[in-house]
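Only one structure is covered here, and it is reproduced in the block below.
Just so you know, ligand 1 is whichever comes first in the structure, and atom 1 is the first atom listed for that ligand. Only heavy atoms go into these numbers, but all of them, side chains included; no hydrogens, no water, no symmetry mates.
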Amino acid sequence: MTPAARVAAAIGILDQVLAGSPAEQALLRWSRASRFAGSADRAALRDLVFGALRRRDSLAALGGALSGRGLMIGHARAEGLDLAAIFTGTGHAPAALTEAEASVSPPDTLPDDLPDWLRPAWTRALGPQAAAVATAMTARAPVWLRVNMARTDPDRAAARLAEEGIATTPDGTLPSALRVTAGERLVARSRAYEAGLVELQDLSPQRACAALDLAPGLRVLDYCAGGGGKALALAARQPGLRIAAHDAIPARMADLPARAARAGAAIRIDTRPQGPFDLVVADVPCSGSGTWRRTPDAKWRLDQAALDRVVALQAQILDRAAGLVGQGGRLAYMTCSLLEAENGGQIDAFLARSPDFRAGQRHLWTPLSGGDGFFLAELHRG
Ligand SMILES: C[S@@+](CC[C@H](N)C(=O)[O-])C[C@H]1O[C@@H](n2cnc3c(N)ncnc32)[C@H](O)[C@@H]1O
């Protein structure tokens, strides 16, 4: 596909997303209907679509319209591309610019690419960093790997990855973390990954798991285990943990036994955990506002009602998970959100209604420190 044909395809996909279709689904539909497209085309298209959604409002301002076409005109202007070479109206290229499109004058200040309704909560949560974090959310997220320290060390893992064309650089603050600088799309098919030497895991959840004190023999429950990212990270850090994994939708844990086997980790699936546990990790469903670099369409889909629903669900899960913590044990509450209602506000409300728990460490990581937005609160029982 020519660059102009890719832009034309991106316009169609963005129109579907703006009409309410999740971006992944719209991209998949396009791929299925476009057998002529190669993997380079699909990757380029994905970059165009996700890049435009991260900066939806500012590109619309530059392009003169909140439409697929407006966003792509805005993208071309933002990148300093030659509009006349893309919008030619010939072959598979998008139609030539109208006079009105050609004469759009960019505003003095571009929007911050946050939904209007959310800006007050964003500012409350992030204070003086609010604007910088909003800007950071408009960039593509790096790919992070967690070295399985139970199997190898970062230097050896990096060398094995390099043999397969995957370049990495250490994080510098967390020994297990490698940032992928080239060959990102090769990771999941690499021998190093297949052999369980590395896992795909963002830097911030790695930091959260590294912040928890562990000791051999500890009874640990990953209460919202999903694919098991947190259970695997804890198992890799501390041999001898007795780890159980639970999820309200057990099918979400379908890949966990294979992942655990690959990593050499012993993780038991437990669909009816009874407790008591020494450590219960509750990596709860959330707005995902910390991961909007990866799922930028979710930023525009979230509304107050959906946020209220997820906050209520988190409170319910917290209470259930707390009931599984033994005396002297801990609850580690985690979200990939930056919003106070899901983080500090949720924890303060829990502590107010749970006199047998007291506050422990709390951390909020933002993209300004390299990883996704992520929150950890540790709560001690007794
Ligand atoms: C943020 S995801 C977990 C991601 C996972 N910990 C990981 O690292 O890959 C939240 C999970 O909570 C699960 N969940 C939703 N409601 C739940 C509930 N009431 N009790 C337990 N798990 C629940 C969801 O099915 C989902 O898999």
> Where does R252 meet ligand 1, judged by heavy-atom distances below 4.0 Å: at the side chain, the backbone, both, or neither?
Replying inline: side chain
> For atom 22 (N) of ligand 1, what is the nearest protein heavy atom, given as residue, atom name and distance?
Replying inline: A248 N, 3.3 Å
> Among protein heavy atoms, which sits nearest to atom 8 (O) of ligand 1, and what does the distance come to when rounded to 0.1 Å?
Replying inline: K230 NZ, 2.7 Å
> For ligand 1, which part of H246 has a heavy atom less than 4.0 Å away: the side chain, the backbone, both, or neither?
Replying inline: side chain
> Is there a donor-acceptor pair under 3.5 Å between the side chain of E101 and the backbone N or O of T98?
Replying inline: yes
> Within 45° of the ring axis of W292 and under 6.0 Å from its six-membered ring centre, is that where the NZ or CZ of R54 lies?
Replying inline: no
> Under the 6.0 Å and 45° cation-pi test, does R262 pair with Y193?
Replying inline: yes
> At what distance is the nearest protein heavy atom to atom 3 (C) of ligand 1, and which residue and atom is it?
Replying inline: C224 O, 3.2 Å
> Closest non-hydrogen protein atom to atom 11 (C) of ligand 1, residue and atom name please, with distance?
Replying inline: D247 OD2, 3.6 Å
> What protein heavy atom sits nearest atom 9 (O) of ligand 1, and how far off is it?
Replying inline: G229 N, 3.5 Å
> Which of the atoms in ligand 1, numbered in the order shown and given with their element, are less than 4.0 Å from a heavy-atom of G226?
Replying inline: 27 (O)
> What residue among Q206, Q201, R207 forms side-chain hydrogen bond (donor to acceptor under 3.5 Å, both in side chains) with S176?
Replying inline: Q206
> Between D112 and R119, is a salt bridge (Lys or Arg N to Asp or Glu O under 4.0 Å) present by the stated rule, with each step listed?
Replying inline: CA-CA 9 Å; D112 59 5; R119 196 168 293 107; 2.7 Å; yes
> How does D283 reach ligand 1, by side chain, by backbone, by both or by neither, if only non-hydrogen atoms under 4.0 Å count?
Replying inline: both
> Which atoms of ligand 1 sit under 4.0 Å from any heavy atom of I317?
Replying inline: 16 (N), 17 (C), 18 (C), 19 (N)
> For atom 15 (C) of ligand 1, which protein heavy atom lies nearest, and how many Å away is it?
Replying inline: P285 CG, 3.4 Å
> Would D278 and R330 satisfy salt bridge (Lys or Arg N to Asp or Glu O under 4.0 Å), going step by step from the backbone distance to the final call?
Replying inline: CA-CA 6 Å; D278 303 305; R330 289 167 290 156; over 6 Å; no
> Which of parallel (below 30°), tilted (30 to 60°) and perpendicular (above 60°) describes H246 and Y223?
Replying inline: parallel
> Should the proximity of A225 to ligand 1, defined as any heavy atom under 4.0 Å, be assigned to the side chain, the backbone, both, or neither?
Replying inline: backbone
>> Please list, in number order, the atoms of ligand 1 under 4.0 Å from a heavy atom of G227.
In response: 9 (O)
>> Tell me if a side-chain donor or acceptor on T295 pairs with a main-chain N or O of T291 at a distance below 3.5 Å.
In response: yes
>> Less than 4.0 angstrom from a charged side-chain N to a carboxylate O is my criterion; do R140 and D47 meet it?
In response: yes
> For ligand 1, is V284 a contact, meaning one of its heavy atoms is under 4.0 Å away?
Replying inline: yes
